[in-house]
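Along the sequence shown, the residues carry numbers beginning at 1. The shown structure was predicted, so the numbers you read here are calculated from the model rather than taken from an experiment.
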Amino acid sequence: MHPSRYADASLIRTKFADTIEEIIEAIGEVTLVAKREGLVELMTFLRDEPSLKFNYLSDIGGVDLGEFASPRFAVAYQLYSLEHNHRLRVKVFLEEKDANLPTMWNIWKASNWLEREIYDMFGVNFEGHPDQRRILMPADYEGYPLRKDFPIKGY
């Protein structure tokens, strides 16, 4: 029998019961839906716990669920453990009026440019980011092109 490519979430579930809203296990994948509050502690634990050791942040993705959705935005972190060869997704939902997350730069340096892309395309602010500025659009560009209410021709 081959070990699962996805992490066992039972240890995380008990230790971070106040931070984790839901654990979704589907098609062999594990997704933690987490609150913004406690996210830094959760991510630090995921990186440092020897049985998990998610030492590689492979991607961060943003989603706009639409201007009438509540919450409107989701940010998903894709984690990988080089040592254990397993994966985990951590997803956080955000309201449009409070689209702020703590930076993960102090945990995984790879988050630097990934967070800048999310900021540039969706307008999600990463508090404490060392150099949050536009990366794909001109510095004086108005709006966030991957929001669903962004005009096709731009502003």
Side-chain angles (χ1 to χ4, degrees), residues 2-66 69 71-96 98-137 139 141 144-148 150:
H2 296 286
S4 173
R5 295 183 323 139
Y6 296 92
D8 178 6
S10 58
L11 175 64
I12 306 163
R13 181 187 328 254
T14 55
K15 187 163 180 66
F16 290 93
D18 292 340
T19 301
I20 296 173
E21 296 179 320
E22 185 179 6
I23 298 176
I24 302 167
E25 297 184 32
I27 57 171
E29 299 179 2
V30 178
T31 301
L32 303 179
V33 178
K35 297 176 188 172
R36 173 182 36 211
E37 298 76 21
L39 185 63
V40 170
E41 293 79 12
L42 170 65
M43 296 299 220
T44 302
F45 177 79
L46 294 173
R47 181 196 64 189
D48 295 343
E49 167 58 34
S51 66
L52 299 172
K53 204 132 186 152
F54 287 103
N55 48 7
Y56 179 55
L57 172 66
S58 59
D59 199 8
I60 305 174
V63 177
D64 181 359
L65 301 169
R72 179 173 178 171
F73 299 108
V75 174
Y77 301 85
Q78 311 293 335
L79 306 178
Y80 180 69
S81 170
L82 295 167
E83 185 173 324
H84 300 297
N85 189 29
H86 57 204
R87 299 178 185 278
L88 182 69
R89 178 182 305 114
V90 178
K91 190 181 289 186
V92 181
F93 289 96
L94 303 167
E95 295 291 345
E96 181 177 7
D98 191 19
N100 299 294
L101 280 173
T103 183
M104 296 298 132
W105 185 80
N106 290 322
I107 302 170
W108 297 285
K109 298 301 181 204
S111 72
N112 187 338
W113 288 72
L114 300 170
E115 289 175 349
R116 288 175 66 180
E117 287 179 10
I118 301 292
Y119 166 73
D120 199 5
M121 296 290 109
F122 294 97
V124 173
N125 179 46
F126 290 91
E127 297 166 343
H129 191 282
D131 187 20
Q132 184 171 282
R133 59 187 155 105
R134 298 205 97 134
I135 187 172
L136 300 170
M137 305 304 291
Y141 194 81
Y144 303 100
L146 291 184
R147 286 188 176 191
K148 288 189 174 177
F150 186 81

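Evaluation of the side-chain contact (heavy atoms from CB on, under 4.5 Å) rule for E96 yields R72, F73, R147 as partners, not counting sequence neighbours. Taking Y141 as the reference, nothing meets the ring pair (Phe, Tyr, Trp, His ring centres under 6.0 Å) condition, with sequence neighbours excluded. Among residues two or more places apart in sequence or in another chain, the side-chain hydrogen bond (donor to acceptor under 3.5 Å, both in side chains) test is passed with T14 by none. A search for side-chain hydrogen bond (donor to acceptor under 3.5 Å, both in side chains) contacts involving E49 returns S51, not counting sequence neighbours. Remark: R47 engages T44, I107, W108 in a side-chain contact (heavy atoms from CB on, under 4.5 Å) (not counting sequence neighbours). Judged as a salt bridge (charged side-chain N to carboxylate O under 4.0 Å, His left out), and not counting sequence neighbours, the contacts of R89 are E29. A search for side-chain contact (heavy atoms from CB on, under 4.5 Å) contacts involving P71 returns F93, E95, not counting sequence neighbours. Not counting sequence neighbours, F122 has no partner by the ring pair (Phe, Tyr, Trp, His ring centres under 6.0 Å) test. Taking K148 as the reference, D64 meet the side-chain contact (heavy atoms from CB on, under 4.5 Å) condition, with sequence neighbours excluded. Residues satisfying the side-chain hydrogen bond (donor to acceptor under 3.5 Å, both in side chains) criterion with N100, sequence neighbours excluded, are D98, N125. Partners of Y144 by side-chain hydrogen bond (donor to acceptor under 3.5 Å, both in side chains), not counting sequence neighbours: none found.
Formation of a donor-acceptor pair under 3.5 Å by the T103 side chain with backbone atoms of F126 is not found in this model. No donor-acceptor pair closer than 3.5 Å links the side chain of K35 to the backbone N or O of E21.
Closest heavy-atom contact between K53 and P50: CB-O, 4.0 Å. Closest approach of H129 to N112, counting heavy atoms only: NE2-O, 2.9 Å. Of all non-hydrogen atoms in A69 and L65, the two that sit nearest each other are CB-O, 3.5 Å.
Annotation: side chain of L79 is in contact with side chain of M43 (closest heavy-atom distance under 4.5 Å). Looking only at side-chain heavy atoms (C-beta outward), L57 and K109 stay at 4.5 Å or farther from each other. Here the side chains of L146 and D120 are not in contact, with every heavy-atom distance at 4.5 Å or above. You'll find the side chain of L42 reaches within 4.5 Å of the side chain of L46, heavy atoms only. Residues E115 and M104 meet the side-chain proximity criterion, which asks for heavy atoms closer than 4.5 Å. The shortest distance between side-chain heavy atoms of L52 and L88 does not fall below 4.5 Å.
Here R36 contributes atom CZ and L94 contributes atom CG; the two are 6.0 Å apart, rounded to the nearest 0.5 Å. Within the model, atoms CZ of R13 and CD1 of I20 stand 8.0 Å from one another, a figure rounded to the nearest 0.5 Å. Note that the NZ atom of K91 and the CD atom of Q78 stand 9.0 Å from one another [nearest 0.5 Å]. Separation of atoms CD1 (I12) and CD1 (I23) is listed at 7.0 Å; rounding is to 0.5 Å.
For the pairing with H86, the ring-ring contact (aromatic ring centres under 6.0 Å, His included) check across Y80, Y56, F54 returns one residue only, F54.
Among pairs with a residue in residues 9-44, those fulfilling ring pair (Phe, Tyr, Trp, His ring centres under 6.0 Å) read F16-F45, at least two apart in sequence or across chains.
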